[in-house]
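Notes for the one structure printed next.
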Amino acid sequence: GENVEQHPSTLSVQEGDSAVIKCTYSDSASNYFPWYKQELGKRPQLIIDIRSNVGEKKDQRIAVTLNKTAKHFSLHITETQPEDSAVYFCAATSGGYQKVTFGIGTKLQVIP
Amino acid sequence: DVKVTQSSRYLVKRTGEKVFLECVQDMDHENMFWYRQDPGLGLRLIYFSYDVKMKEKGDIPEGYSVSREKKERFSLILESASTNQTSMYLCASRGGWGNSPLHFGNGTRLTVT
């Protein structure tokens with residue numbers, strides 16, 4: 001089955017700096033890669049996603065890149081703000097039933 | 001806006017008890033999922049369902065079963081609760097097929113003593 005590896009597990013950045021979180025996946029048939037943000041005590045919520053026929057997608061300060069050949073995708077947050085502090089999960093969708101497999105999460109701390 | 005509701009926010013049960021966790025979604029979604037969330041392990045898939053009465057095992061199904069008698073409701077059952085099942089349980093639903101995001105409930109914090 002699919003295996004998703006995510007790193008780093010924790011990340012501290014100064015406010016205004018950029019943050020990058022990286023994920024790799026094992027199933028070359030995976031075709032959809034969402035990113036979720038989970039604030040403390042709250043449910044995970046989608047922040048951005050990318051499909052396998054696209055190499056890059058941007059939404060204001062957030063961007064995701066996908067390298068299908070290398071089987072890795074990354075989340076980029078620019079001009080970080082304290083409200084970006086949260087746990088971020090990457091995921092990959094694969095298989096006949098489109099199962100969703102998550103990485104272990106990255107705890108991002110933005111220091112004011 | 002999609003609403004996924006889990007019946008309990010906090011639950012405390014004793015070892016050996018049969019436990020039911022309920023999840024209801026209001027958007028007529030075909031797919032529903034149960035994950036458990038543990039520190040350092042991320043979100044691990046227990047079971048999912050792609051249609052009424054249909055279910056598939058996830059990555060950690062041992063000790064769990066599920067029921068989906070109606071499209072809007074997906075239940076997770078712990079046949080005989082054990083202390084290693086103490087965890088946060090998250091239900092999610094998805095409309096359409098694989099290229100759609102999951103919508104999560106608020107989670108149920110289960111403690112087994």
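Convention: sequence-line order gives letters A, B, ...; per-chain numbering from 1.
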Under a 4.5 Å heavy-atom cut-off, does chain B meet the side chain of A:Pro34, its backbone, both or neither?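 A:Pro34 has no heavy atom closer than 4.5 Å to chain B.
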Check whether A:Gln45 gets within reach of chain B through its side chain, its backbone, both or neither, counting any heavy atom under 4.5 Å.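 Neither part, no heavy atoms under 4.5 Å.
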Can you say whether the rings of A:Tyr97 and B:Tyr50 are parallel (under 30°), tilted (30 to 60°) or perpendicular (over 60°)? parallel
For [X], look at atom [atom1] and say whether over 12 heavy atoms of other residues, nucleotides or ligands are found less than 6.0 Å away.
X: B:Glu79; atom1: CD; answer: yes
X: A:Lys68; atom1: NZ; answer: no
X: A:Glu83; atom1: CD; answer: yes
X: A:Lys22; atom1: NZ; answer: no
X: B:Arg14; atom1: CZ; answer: no

Go through the atoms of [X] and report whether side chain, backbone, both or neither lie under 4.5 Å from a heavy atom of chain A.
X: B:Phe48; answer: side chain
X: B:Leu45; answer: side chain
X: B:Arg109; answer: neither

Atom CG of B:Asn99 and atom CG of A:Asn53: how far apart are they, to the nearest 0.5 Å? 8.0 Å
Just verifying a value: how many Å separate A:Leu46 CG and B:Phe104 CZ, rounded to the nearest 0.5 Å?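 With rounding to 0.5 Å, CG (A:Leu46) is 10.0 Å from CZ (B:Phe104).
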With a 4.5 Å cut-off on side-chain heavy-atom distances among I, L, V, M, F, W and Y, is there a chain of contacts connecting [X] to [Y]?
X: B:Phe74; Y: B:Ile60; answer: yes
X: A:Tyr88; Y: A:Tyr25; answer: yes
X: B:Met32; Y: B:Tyr64; answer: yes
X: B:Phe33; Y: A:Phe102; answer: yes
X: A:Val20; Y: A:Ile47; answer: no

Out of [options], which one racks up the most heavy-atom pairs below 4.5 Å with chain A?
options: B:Pro39, B:Gly105, B:Ala92; result: B:Gly105
options: B:His103, B:Arg94, B:Met88; result: B:Arg94
options: B:Leu41, B:Asp38, B:Asn31; result: B:Leu41

Side-chain contact test, heavy atoms from C-beta onward, threshold under 4.5 Å: evaluate it for [X] versus [Y] and give yes or no.
X: B:Gln37; Y: A:Val87; answer: no
X: B:Leu43; Y: A:Tyr36; answer: no
X: B:Ser100; Y: A:Tyr32; answer: no

Please name the pair of heavy atoms, one in A:Arg43 and one in B:Val4, separated by the smallest distance, quoted to 0.1 Å.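 In terms of heavy atoms, the two residues are closest at NH1-O, 4.1 Å.
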Against chain B, work out which of A:Asn31, A:Val4, A:Val100 has the most heavy-atom pairs shorter than 4.5 Å and name it. A:Val100
